[in-house]
Amino acid sequence: MLIGFTALLSTASVFAEEGMIRPVAVPTAIVSASVFTPQLGRHGLADLTLHSSRSLCPAQTDQLCFPDKLQNLYASHEFMPVWLDESLVEEFFLQLSALAESDRVPGMMQRLQELKQLRADRDSRGFDLLASDTYLVYQAVIAKMERDPSSLYRSAVFQLTAQDQLSIPAFSLPVSMAQLQQLRPVEENFQRLVAQMNVLEQQAPHGVHLSGRPAIEFGDPIPRGEKLAKMLNVYGDLSDQDYTNLASAQPEDAAAGIIRIGDPYANRGVLHEAIRRFQQRHGLQDDGIIGPATARNLTRSYQQVAQLLALNMQRSRALQRHYPGEVLQVNIPEFMLRILDEDKVVFESKVIVGRSQRPTYLFSSAINHMVVNPTWNVPETIKEEDVIPSLKRSPDYLAQHNMRMVSRWSDAGSIDPSQIDWSTVSASNFPYEFQQRPGPSNALGQVKFMMPNDYSIYLHDTPAKRLFNRSKRDFSSGCVRVERAHDLANYLLERQRAGQSASYQNLLRKRTTATINLRKTLAVDFIYRTAWLDDQGRLQIREDIYGYDDESSVPAEHDYIAMNRYR
């Protein structure tokens with residue numbers, strides 16, 4: 001028979017092996033559940049000093065966050081230990097590390113260290129009990145994040161209230177690997193991300209501080225360039241061989257493309273190329289010049305990058321775990337649109353997103369129709385802040401931009417702007433609307449892609465193609481401009497049934513407005529990812545254009561991060 005867990009707690013040293021507990025057969029009856037007292041937490045961890053619970057679950061006065069629930073769970077499991085599988089423990093530590101590093105769960109890093117200490121001390125009874133309690137905490141925190149994913153984009157921490165402790169998902173022991181892996185963040189490269197995060201955490205400070213200096217052009221000396229070279233080597237932008245050559249190069253070592261001017265290294269040769277690779281990974285103009293934007297990114301500490309990776313991993317929980325098919329993702333800070341089919345990229349395009357004063361909302365929906373040769377109904381904000389002030393300066397503004405003034409957007413007739421005394425107009429209560437007719441100069445280009453939402457957000461073409469050459473593309477008023485809009489239209493039409501692209505080309509030539517309903521809709525997610533690993537395992541970082549990574553800069557209530565679903 002199997003020994004009961006209460007008795008096991010007092011005799012664990014008899015069969016502790018490799019820091020874990022093994023169940024053993026004994027010639028006695030199973031210890032009665034009544035021996036398993038309500039004071040499970042104190043009984044199991046009587047000789048230990050734990051501090052993490054004070055931060056994780058301040059509403060709880062016990063050593064553990066879930067003592068009563070643990071008693072019931074272990075009773076249902078015949079009081080046997082749970083965390084016997086080494087691979088299960090490693091997976092759990094992996095996930096806890098990713099959560100703790102995000103710095104959004106007070107006490108989680110301390111709890112992880114307490115678990116590791118119990119394991120190192122081969123305290124099998126304490127480890128098993130604390131690991132099970134932590135598993136309940138982990139589930140409760142994830143549930144809290146998934147109920148309010150917008151909290152991961154503003155100043156918020158995840159502590160468990162008394163209500164949180166009552167509302168964790170129901171489950172039973174033992175914990176399987178499949179169950180545990182279902183709790184992972186939605187990241188294809190999860191294990192590599194955690195490994196990268198842990199490598200960065202172990203690095204000593206890099207000591208690179210270049211912000212506030214004049215730009216370092218090609219051939220210029222780099223102050224404390226040896227530290228910059230070391231950092232670029234850690235990130236993989238400078239190879240081990242080039243780093244070794246650089247560190248040992250003499251001033252005349254032209255063969256390696258390296259020149260030193262005094263003590264600092266010069267911005268040329270392999271170091272210049274490494275700076276360009278760093279810029280590419282950060283979505284910057286890759287000219288190799290260390291200007292303000294490059295300097296800011298070079299100054300970011302290893303620990304800040306690790307925390308950024310962890311935070312973005314937790315944000316992925318807002319995405320669906322298993323898409324039924326293709327999904328279109330717009331990553332706002334990356335200024336890129338991709339269509340994914342089972343995590344494989346099948347289409348991509350540069351995009352232009354909302355500027356910081358008019359951000360693009362974060363939400364989920366599905367493209368259900370297209371409008372070819374669209375008219376543009378000028379939104380209220382643009383009407384008040386752009387069109388009316390322009391009309392006050394120039395009465396010809398409407399004619400120059402192929403626009404008309406109407407009582408309502410559905411009106412066939414226009415209102416003559418010369419009848420308005422623009423000097424007396426107040427932008428905030430102007431009773432008329434503005435509409436731009438179809439044509440080459442229309443702000444929406446020749447096609448727009450519509451989806452249900454409360455924000456009047458859609459994807460569309462644009463006549464201003466030159467802006468796609470910029471590395472930073474936050475120029476819109478909230479909607480998303482697509483560089484390959486016509487290719488996207490053809491892609492959507494071919495998903496319906498082959499041969500529909502020809503009718504689209506005919507509509508473009510006619511320049512008449514037409515709506516095409518899509519029987520087969522395409523899921524859309526507007527996401528905000530500022531740190532990830534690409535398909536080649538390279539670390540990618542993007543500028544936090546809306547300030548969502550900076551806890552001090554985003555108000556507690558923020559309309560643009562409501563994270564609503566319209567699918």
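- In summary, the side chains of Arg277 and Gln280 do not present any donor paired with an acceptor at a separation below 3.5 Å, with no hydrogens or angles considered.
- The heavy-atom pair separating Ser364 from Arg567 by the smallest distance is CB-NH1, 3.7 Å.
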Candidate pair Asp164 and Arg147, rule salt bridge (Lys or Arg N to Asp or Glu O under 4.0 Å), full reasoning:
CA-CA 11 Å; Asp164 293 326; Arg147 283 196 301 270; 3.2 Å; yes

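- Aromatic pair Phe363/Tyr455: ring centres closer than 6.0 Å.
- Under 3.5 Å, the side chains of Asn198 and Gln202 contain no donor-acceptor pair of N or O atoms.
- Cation-pi geometry between Arg281 and Tyr235 is met: the NZ or CZ atom falls under 6.0 Å from the ring centre, inside 45° of the normal.
- Pro333 approaches Ile545 most closely through the heavy-atom pair CA-CD1, 4.3 Å.
- Within the 4.5 Å cutoff, no side-chain heavy atoms of Lys350 are placed close to those of Phe335.
- Remark: His369 pairs with Val371, Met450, Thr515, Asn517 by the side chain to side chain contact (heavy atoms under 4.5 Å, CB included) rule, at least two apart or across chains.
- Of the possible donor and acceptor atoms, one in the side chain of Ser316 sits under 3.5 Å from a partner among the backbone N and O of Met313.
- At least one donor-acceptor pair under 3.5 Å links the side chain of Asp133 to the backbone N or O of Phe66.
- The shortest heavy-atom contact between Cys479 and Thr360 is O-OG1, 4.4 Å.
- Checking Asn297, Thr294, Asp237 one by one against Gln279, the side-chain hydrogen bond (donor to acceptor under 3.5 Å, both in side chains) holds for a single residue, Thr294.
- Across all their heavy atoms, Ser132 and Tyr74 have their closest contact at OG-OH, 2.7 Å.
- If you check the side chains of Asp544 and Tyr528, you find a donor sitting under 3.5 Å from an acceptor.
- Distance alone, capped at 3.5 Å, is enough to place a donor-acceptor pair between the Arg473 side chain and the Val351 backbone.
- A donor-acceptor contact shorter than 3.5 Å links the side chain of His206 to the backbone of Arg300.
- Listed for the Glu114 side chain is a donor-acceptor partner under 3.5 Å among the backbone atoms of His51.
- The one candidate from Arg104, Met145, Met109 that meets the side chain to side chain contact (heavy atoms under 4.5 Å, CB included) condition with Leu99 is Met145.
- Between the side chain of Ser151 and the backbone N or O of Asp148 there is at least one donor-acceptor pair closer than 3.5 Å.
- Judged by distance alone, the side chain of Gln179 and the main-chain N or O of Ser176 form a donor-acceptor pair under 3.5 Å.
- A donor and an acceptor atom, one from each side chain of Arg111 and Ser52, are located under 3.5 Å apart.
- The side-chain heavy atoms of Met108 and Leu56, taken from C-beta on, include a pair separated by under 4.5 Å.
- Side-chain N/O atoms of Asn564 and Tyr361 include no donor and acceptor closer than 3.5 Å.
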Between Tyr546 and Tyr560, is a ring-ring contact (aromatic ring centres under 6.0 Å, His included) present by the stated rule, with each step listed?
CA-CA 10 Å; Tyr546 296 161; Tyr560 299 102; 7.7 Å; no

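- Counting heavy atoms from C-beta outward, Leu337 and Phe347 have side chains that approach closer than 4.5 Å.
- Using a 3.5 Å distance cut-off with no hydrogens or angles, the side chains of Asp534 and Gln540 do pair a donor with an acceptor.
- Listed by first and then second residue, the ring-ring contact (aromatic ring centres under 6.0 Å, His included) pairs involving residues 178-205 amount to none (not counting sequence neighbours).
- For the residue pair Gln95 and Glu91, a side-chain donor N or O sits within less than 3.5 Å of a side-chain acceptor on the partner.
- Side-chain atoms of Ser365 and Asn453 form no donor-acceptor pair, as typed in the model, at a separation below 3.5 Å.
- The main-chain N or O of Pro67 is never found under 3.5 Å from a side-chain atom of Asp62 such that the two would form a donor-acceptor pair.
- The aromatic rings of Phe93 and Phe127 sit perpendicular to each other, their planes meeting at more than 60°, with 30° as the lower class boundary.
- Judged as a side chain to side chain contact (heavy atoms under 4.5 Å, CB included), and not counting sequence neighbours, the contacts of Ala293 are Leu284, Arg296.
- Using a 4.0 Å cut-off between charged side-chain N and carboxylate O, Arg338 and Glu334 make a salt bridge.
- Annotation: side chain of Phe526 is in contact with side chain of Leu459 (closest heavy-atom distance under 4.5 Å).
- Ion pairing between Glu90 and Arg119 holds under the 4.0 Å rule for side-chain N and carboxylate O.
- Both the sub-6.0 Å distance and the 45° axial angle are not jointly satisfied by Arg154 relative to the ring of Tyr548.
- Between the side chains of Asp474 and Ser356, no donor N or O sits under 3.5 Å from an acceptor N or O.
- Side-chain N or O atoms of Gln203 include none that pairs as donor or acceptor with a backbone N or O of Val234 at under 3.5 Å.
- Ion pairing of Arg315 with Asp549 is present here, as a side-chain N (NZ or NE/NH1/NH2) and a carboxylate O approach within less than 4.0 Å.
- Listed for the Gln314 side chain is no donor-acceptor partner under 3.5 Å among the backbone atoms of Leu311.
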